[in-house]
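Worksheet: one structure, shown below.
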Amino acid sequence: MADAHWAVSTIALDRLPSGRQLRTYQHTIDAGEGPHLVIVATQHGIELAGAVVIRRIIDELAPAALSGTLTLVPVMNPLAFDHRSYMTPGDYDVLNPNLNRSWPGDAEGTLVERMCAAYWGLLETADVVVDLHTGTPAMAPHARVAADPAALRLAETTGWPAITVTDTGTAGAQTLRDAASTAGITAITLELGDSRTLAPAMIRAGTDAVGAVIGACVTEGAAAPEASPTQHWVDAGDAVRASTAGLFEPAMGCQVGERVAAGTSLGSIFDPMRLEPLEELTAPVSGLLYSRSMGGAIVAGERVASVAVPAGTA
Ligand SMILES: [Zn+2]
């Protein structure tokens, strides 16, 4: 049994125009020999639940059971957090406002690229990275992984649907998960629910999910998690998008987190002034409806819903 050493330290991210240093805090629990697990939250400033989950994790942790090192960063993007915005305010970095599309960063690049580069020194030392995000209430809690069997096994420990994301987006616009995975680090994203708010049930569920990952990674005598094949899904990137602008009204027949059959109505778009129906949106494939707009004014091309297919069928 290791004697755990706790420490709080700062990470210098970049220098702001006023001369102030932009920095954040990391919490480290060093419990001797073993893997290094890094858990980060709040890359997006309105995704608040991750910071509270980290606080709960620290409160509930039993250091004597740990074997390895646990590093926690509750607020990765203090600029977006302070501005209460999803992305870094454009006035600071118009080229790369989305921290989670800027990895692994560039120490001589834009402000956000420099923030990524400042974190990368820590992330590179990790065996496992868990990136906590928070979807809207229109997204079911789930784990996202790149095509990496080790990450998928880790995602299974959460008990949440595990979605392998095979569409990694635009070249050069990497998520932290993809950049870490490319660097050989086992990485998962956990999408908690209810951004902008701190729903107690969501905080509890997120804390349990992260606790399970800690149990599997840096707990003495941790057993390899068992496979749960029914939880495996694949998102190949074919989101349901509106082909016309209008007012989207979700269909009542299905909810996020449920399985839907191909052709199931997800909702309809109508012209709000002429009151003409414009488009019926349906599930393109049978699978897990894991996100869907809660309804509202939308423009053509906007993502309305995402359906992941059972693994092995993609
Ligand atoms: Zn996010």
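Counting starts at 1 for both ligands and their atoms, in listed order. None of the values given here were measured: they were computed from a predicted structure. Sequence positions, counted from 1, serve as the residue numbers for this chain.
- Between the Glu279 side chain and the Ser243 main chain, a donor and an acceptor come within less than 3.5 Å of each other.
- The distance from the CG atom of Leu70 to the CD1 atom of Ile29 is 4.5 Å, given to the nearest 0.5 Å.
- The backbone N or O of Ile214 lies less than 3.5 Å from a partner atom in the side chain of Thr219, making a donor-acceptor pair.
- Under the rule for a side-chain contact (heavy atoms from CB on, under 4.5 Å), the partners of Arg114 that lie at least two apart in sequence or sit in another chain are Asp14.
- Side-chain atoms of Ser195 do not come within 3.5 Å of backbone N or O of Ile46 as any donor-acceptor pair.
- Around the Zn ion (ligand 1), the protein contributes the following N, O or S atoms at distances under 2.8 Å: His44 ND1, Glu47 OE1, Glu47 OE2, His133 ND1.
- Of the charged side-chain nitrogens involved, none lies within less than 4.0 Å of a carboxylate oxygen, so that Glu191 and Arg177 do not count as a salt-bridged pair.
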